[in-house]
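Following: one structure in structure tokens, then a few remarks.
Here the structure is a predicted model, which means the values were calculated and not measured. Per chain, numbering begins at 1; letters A, B, ... match sequence-line order.
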Amino acid sequence: MPIMSYIQAITTALKEEMQRDNKVFVLGEDVGRKGGVFRATEGLYDEFGEYRVLDTPLAESAIAGVGIGAAMYGMRPVAEMQFADFIMPAVNQIISEAAKIRYRSNNDWNAPITIRAPYGGGVHGALYHSQSVESVFANQPGLKIVMPSTPYDVKGLLKASIRDNDPVLFFEHKRAYRLLKGEVPDDDYVLPIGKADIKRNGTDITVITYGLCIHFAMQAAEKLTEEGIDVHILDLRTVYPLDQEAIIEAAKKTGKVLLITEDNKEGSIIGEVSAIIAENCLFDLDAPVQRLAGPDIPSMPYAPTTEKFFMVNPDKVEKAMRELAEY
Amino acid sequence: MPIMSYIQAITTALKEEMQRDNKVFVLGEDVGRKGGVFRATEGLYDEFGEYRVLDTPLAESAIAGVGIGAAMYGMRPVAEMQFADFIMPAVNQIISEAAKIRYRSNNDWNAPITIRAPYGGGVHGALYHSQSVESVFANQPGLKIVMPSTPYDVKGLLKASIRDNDPVLFFEHKRAYRLLKGEVPDDDYVLPIGKADIKRNGTDITVITYGLCIHFAMQAAEKLTEEGIDVHILDLRTVYPLDQEAIIEAAKKTGKVLLITEDNKEGSIIGEVSAIIAENCLFDLDAPVQRLAGPDIPSMPYAPTTEKFFMVNPDKVEKAMRELAEY
Amino acid sequence: MTKNRHDKLGLTNEDVLEMYKTMLLARKIDERMWLLNRAGKIPFVISCQGQEAAQVGASFALDRNKDFVAPYYRDMGIVLTFGMTTKELMLSGFAKAEDPNSGGRQMPGHFGQKKNRILTGSSPVTTQLPHAVGVALAAKMEQKDFVSFVTLGEGSSNQGDFHEGLNFAGVHKLPVITMVENNKYAISVPVDKQLACESVSDRATGYGMPGFTVNGNDPLAIYDAVKNARERAVSGEGPTLIEAITYRLTAHSSDDDDRLYRESGEVEEARKKDSIITFAAYLKDLGILTDEIEEKINTEIRDTVNEATDYAENAPYAEPESALKFVYEE
Amino acid sequence: MTKNRHDKLGLTNEDVLEMYKTMLLARKIDERMWLLNRAGKIPFVISCQGQEAAQVGASFALDRNKDFVAPYYRDMGIVLTFGMTTKELMLSGFAKAEDPNSGGRQMPGHFGQKKNRILTGSSPVTTQLPHAVGVALAAKMEQKDFVSFVTLGEGSSNQGDFHEGLNFAGVHKLPVITMVENNKYAISVPVDKQLACESVSDRATGYGMPGFTVNGNDPLAIYDAVKNARERAVSGEGPTLIEAITYRLTAHSSDDDDRLYRESGEVEEARKKDSIITFAAYLKDLGILTDEIEEKINTEIRDTVNEATDYAENAPYAEPESALKFVYEE
Ligand SMILES: Cc1ncc(C[n+]2csc(CCOP(=O)(O)OP(=O)(O)O)c2C)c(N)n1
Ligand SMILES: Cc1ncc(C[n+]2csc(CCOP(=O)(O)OP(=O)(O)O)c2C)c(N)n1
Ligand SMILES: [Mg+2]
Ligand SMILES: [Mg+2]
């Protein structure tokens with residue numbers, strides 16, 4: 001099986017879907033000739049031409065809104081927001097429109113748009129090129145939010161998102177782009193949206209997280225094996241709507257749960273995960289539900305000292321795991 | 001003490017603050033001559049003139065953004081979003097700008113803007129005049145979100161919001177406007193932002209909620225007294241950042257907690273409340289942390305059958321309370 | 001003596017009579033809705049009154065078998081022309097399950113009907129503009145010869161989506177026609193507190209497209225403008241911005257009291273130019289609308305509206321639990 | 001023979017020399033930042049190169065003791081003119097605690113300094129425009145005679161905030177001057193794929209204000225335009241939109257490779273019109289910039305930049321825990 005980076009898996013998924021279905025097209029800022037500021041759409045402009053890899057004016061509400069219109073017509077737009085932080089001008093189109101089109105028309109219309117955006121920190125991106133923005137959208141029925149953690153999942157979930165008949169927000173960790181590599185089959189596979197995935201089987205403590213933090217958790221878990229601590233890791237993969245069953249099962253499995261997000265703690269996605277556990281597994285718990293997250297400050301600063309202070313990393317994860325195991 | 005409606009308390013607070021400080025001004029759609037679509041700014045145009053009660057063009061991002069600019073200069077704008085549902089075009093100005101101005105300038109600049117908006121359902125408002133939108137903003141350090149439940153709290157908290165040196169979102173339940181009446185002192189009092197308030201002391205179960213649901217909970221609690229069930233009710237009042245201490249104390253008090261919101265369940269503010277409890281009070285709990293909320297559908301429909309199906313009401317609250325008490 | 005102005009536009013006498021009938025039908029449905037609202041039977045009305053000529057004139061200039069429309073809440077004249085029935089509109093007014101727009105989920109005025117290519121609309125204003133641009137982008141990509149047509153109020157033309165959408169359309173020369181129905185008010189705010197420019201059409205240059213200001217009380221003038229815009233669009237010349245000067249004859253909605261902010265004299269003045277009266281006069285002067293035909297039309301419309309009202313009033317609401325359906329594909 | 005053009009603008013020889021010095025200083029700081037970036041000492045640079053004349057010409061036309069500015073990330077020429085020092089800029093480049101813009105919290109180019117009335121800026125483009133309008137609204141409400149001045153790129157003029165902000169300013173005739181620095185590219189996207197109009201200034205009519213397109217390589221032309229706009233503004237005549245035609249001489253930022261999307265010949269061509277060269281030539285022709293003065297200026301600037309670099313490089317970063325401070329008032 002070929003080994004690919006996380007970002008190569010994105011490009012591959014896009015390319016294969018565009019070859020498969022000529023209704024699929026990409027639009028966004030600098031996605032065309034330049035191939036995207038992260039080069040996620042590299043080569044697509046040459047292969048598919050200007051209109052299927054469309055450089056738009058600098059206007060995110062139009063990128064989303066025009067995409068939604070095209071999707072209602074029957075196209076399959078894949079819109080790129082250059083950074084997740086810059087999705088904010090498009091919030092009205094996403095929450096008021098995309099999320100509600102099927103519902104408000106009583107199933108008459110639908111908007112199969114995929115909106116991709118790189119999120120996350122640890123790349124000297126400062127306040128506005130580092131944010132996790134999923135919680136802004138994670139209370140909007142009608143939307144699905146996918147946040148993959150491996151190249152394999154990226155390809156299967158991006159394809160599933162593009163083929164989905166409802167709007168999907170697809171957030172890609174920008175530090176994962178070139179950091180993470182893994183086996184990605186050549187076949188045309190899709191993975192189910194809405195399903196969490198056990199990334200590691202273990203018996204002592206349960207870690208539930210998503211995105212780049214899966215990687216940190218896997219690293220930390222390896223280390224803790226030596227100390228005889230056996231970690232179970234659940235990758236949410238879809239952070240809205242959550243896979244409640246999988247969460248409940250994973251929590252019950254060990255009775256000790258650590259939730260991790262790179263986002264600020266208060267109001268993040270893992271609060272909901274904790275609530276699901278508190279509602280369904282109370283008597284299976286042997287320890288309070290722990291959360292490891294960024295501090296409640298607007299976003300991570302630029303200076304390396306303070307950026308590091310903010311970011312979740314394998315050491316912080318290992319420490320939190322060990323404490324929970326010893327609880 | 002005078003008896004006032006919820007909306008009269010709004011108007012009174014605005015008027016008193018404008019009299020007290022001529023940097024305070026109101027801006028928004030139809031707030032001037034018409035006095036607002038709900039009449040919250042009634043009489044202010046006549047008293048303070050066009051520029052202190054400014055009818056703006058129909059453009060929410062400008063209402064927020066121009067307000068933020070004026071606030072940075074040293075004014076104290078109170079911006080009205082005509083319905084909370086229509087705050088979405090202003091999300092970028094609120095999240096990227098207002099929330100981060102103090103932080104990003106390392107305390108050099110600040111933006112003392114208050115943004116008022118009527119939220120909530122039960123008024124035949126359909127999908128776009130019924131939403132609870134707080135969770136969109138409840139993960140944004142730098143913002144404060146106030147959601148009062150009584151005329152008394154309205155006056156004290158709106159004054160506090162206007163005087164606060166940071167941005168405050170102030171959400172008013174539109175059905176409470178004329179439904180709720182209560183004693184409101186003539187004095188110039190302020191109430192602390194960030195502090196929850198015990199609205200009823202009880203020993204059997206704890207209900208934590210905010211806004212109009214406090215009213216439902218109080219009604220249900222009265223009924224249950226007859227059955228010998230004694231309900232403790234905590235009013236969050238500020239839903240971001242949450243008053244963790246008060247939440248922990250209230251949860252520990254009875255060991256049985258019911259969280260209520262009118263918002264859709266998944267990803268709502270009460271998920272975070274539950275997480276705080278799961279993190280801090282696990283061994284004090286005698287029952288799983290219960291949540292009563294709207295269903296996970298985009299918003300409540302227009303038809304009375306389906307609107308009623310969505311809305312939290314005293315009956316649903318009473319039923320949930322009784323079940324928890326009997327757990 | 002009144003001159004025939006529709007001949008040279010390629011409109012037959014039947015066409016213009018049909019236009020008038022549609023305008024009148026819209027007016028009569030709207031009037032009935034107000035009565036029902038005042039009688040406590042329906043919770044909300046938002047009116048087309050005063051804008052029917054612009055709506056119907058424009059729709060007649062489109063291809064009703066292939067073009068897409070993205071109407072705003074006042075556009076009863078457009079959706080009627082595009083095939084929505086009186087009964088369907090009444091079902092929507094009563095919020096009944098059978099309403100094709102939303103199954104009673106949305107307020108009246110939130111149009112949408114896929115089989116007639118009426119895009120589903122929402123309450124936040126101007127969001128439909130980029131949608132129409134998106135449909136036009138699809139037309140260009142797929143090399144189809146349809147256009148999309150989108151409307152909004154003059155107040156709504158101050159939203160960012162107006163700017164972003166029209167610039168996008170201009171850059172890519174997309175087949176989309178935008179008609180701003182300038183009815184002088186955005187709820188209580190008069191146009192001079194909304195717009196810094198003289199005419200909304202002044203904004204067209206900024207988006208590299210032609211802009212026209214047209215008398216919105218004259219369905220023929222609007223027809224002409226939209227017809228030309230459509231020709232430009234399908235021949236690849238790009239988008240057009242049209243401003244229709246109209247007047248809002250009712251309060252903003254059934255929740256509004258317009259006496260708070262405008263003089264009744266102003267409304268009286270506007271009523272004199274009401275297209276329902278002036279276009280009828282044009283047709284009468286030309287002998288197209290005879291007394292006999294008029295009576296027949298009136299009776300027909302009355303019957304249609306009565307029947308639709310009865311039907312809708314008696315139709316069932318959606319089941320409570322049906323609220324859970326269609327959040328996602330099922 | 002070169003004609004003296006600054007006299008009749010009311011500018012002395014000292015003034016224009018000062019302008020030139022500021023332009024050159026901005027250029028030299030910027031060049032140093034690139035060297036530091038390529039040497040791995042600072043993670044990011046975003047340049048003013050090619051836009052200094054517009055920035056400095058405009059700032060000199062403002063009242064540097066009372067006007068407010070809301071610059072965008074390339075505006076080193078503006079903040080230097082408004083009182084930010086080379087050392088402060090270097091502290092920001094190195095993200096050090098002492099950086100007055102953000103204490104090292106933001107990337108370089110995210111300007112802000114209250115004592116000099118430089119509004120704090122962010123990364124999402126165009127959000128600063130409504131802020132400047134808000135400051136101008138305050139000026140009007142408080143009957144003060146200052147103006148606010150805001151800049152942005154031509155690509156950024158397609159954001160909704162441009163439209164909403166300028167219309168607001170136009171309706172209320174607010175004392176705000178907007179200068180779009182049209183450098184022909186928005187990252188990789190050339191201006192003809194960004195804007196449907198010929199000139200950004202074509203958009204002014206839509207906001208009821210005058211619009212001018214000015215040669216951004218000529219600090220005197222820009223000075224003149226902004227000076228007139230300022231007079232209009234303080235005398236209550238309202239806002240002005242100015243488009244400065246410039247060229248981006250560097251890649252978009254240190255993360256960009258512009259060879260992917262533009263020909264080097266195009267850049268070479270633009271370098272010939274570089275204001276640092278052409279304005280120096282003007283001053284030399286008039287005998288204002290002598291060889292002696294030039295050498296002195298160069299030495300001065302070199303020393304200043306060296307000193308600032310050394311200082312900033314050796315200055316401490318903010319403490320890790322300091323990240324927790326100033327979320328709210330403390
Ligand atoms: C984004 C948004 N903000 C506010 C509203 C509330 N609102 C509904 S209609 C309206 C006025 C619209 O005026 P205009 O665009 O001129 O259309 P008209 O009603 O006059 O036809 C307002 C403010 C809304 N629907 N959407
Ligand atoms: C809202 C938003 N979207 C995207 C970006 C990413 N971005 C940064 S600069 C830029 C191009 C800006 O072009 P222009 O306005 O012409 O200014 P220039 O850089 O050419 O001076 C883009 C797309 C951003 N900063 N903000
Ligand atoms: Mg109007
Ligand atoms: Mg540019």
Inset, instruction - Mind listing the closest non-hydrogen atom pair of C:R105 and B:L127 along with its distance? - result: O-CG, 4.1 Å

Legend entry - Non-hydrogen atoms of C:M107 and B:H124 that approach each other most closely: CE-O, 3.6 Å

Legend entry - Other residues, nucleotides, ligands: >12 heavy atoms within 6.0 Å of C:K114 NZ: yes

Inset, instruction - Decide if atom NZ of B:K319 counts as having more than 12 heavy atoms of other residues, nucleotides or ligands within a radius under 6.0 Å. - result: no

Legend entry - Other residues, nucleotides, ligands: >12 heavy atoms within 6.0 Å of B:R33 CZ: no

Legend entry - Non-hydrogen side-chain atoms of C:L260 and B:R39 separated by less than 4.5 Å: yes

Legend entry - Residues of residues 299-315 of chain B near chain C, each having a heavy atom less than 4.5 Å away: B:P301, B:Y302, B:A303, B:P304, B:T305, B:T306, B:F309

For residues 191-200 of chain C, which side-chain N or O atoms pair as donor and acceptor with protein atoms under 3.5 Å away, sequence neighbours left out?
residue	atom	partner	partner atom	Å
C:K193	NZ	B:E50	OE2	2.8
C:Q194	OE1	B:L58	N	3.0
C:Q194	OE1	C:N158	ND2	2.9

Inset, instruction - Report the option among C:A186, C:S122, C:A97, C:G103 that has the most heavy-atom pairs separated by less than 4.5 Å from atoms of chain B. - result: C:S122

Inset, instruction - May I ask you to test the B:V37-C:H252 pair for a side-chain heavy-atom distance under 4.5 Å? - result: no

Legend entry - Close side-chain approach of B:K34 to C:I187, heavy-atom, < 4.5 Å: yes

Legend entry - Contact origin within B:D30 toward chain C - heavy atom pairs under 4.5 Å: both

Inset, instruction - Using heavy atoms and a sub-4.5 Å threshold, report which of residues 35-51 of chain C line up against chain B, by residue number. - result: C:P43, C:F44

Legend entry - Pick from C:G160, C:P108, C:S157, C:G153 with the largest number of heavy-atom pairs that fall under 4.5 Å of chain B: C:P108

Legend entry - Per-residue contacts, residues 308-330 of chain C versus chain B, heavy atoms under 4.5 Å: C:Y317, C:A318, C:E319, C:P320, C:E321, C:S322, C:A323, C:L324, C:V327

Inset, instruction - Find out whether C:P124 and B:M88 are in side-chain contact, i.e. whether some heavy atom of one side chain is under 4.5 Å from a heavy atom of the other. - result: no

Inset, instruction - Could you tell me which portion of C:D257 (side chain, backbone, both or neither) has an atom closer than 4.5 angstrom to a non-hydrogen atom of chain B? - result: backbone

Inset, instruction - Flag yes if more than 12 heavy atoms outside C:E268 fall under 6.0 Å of its CD atom; otherwise flag no. - result: yes

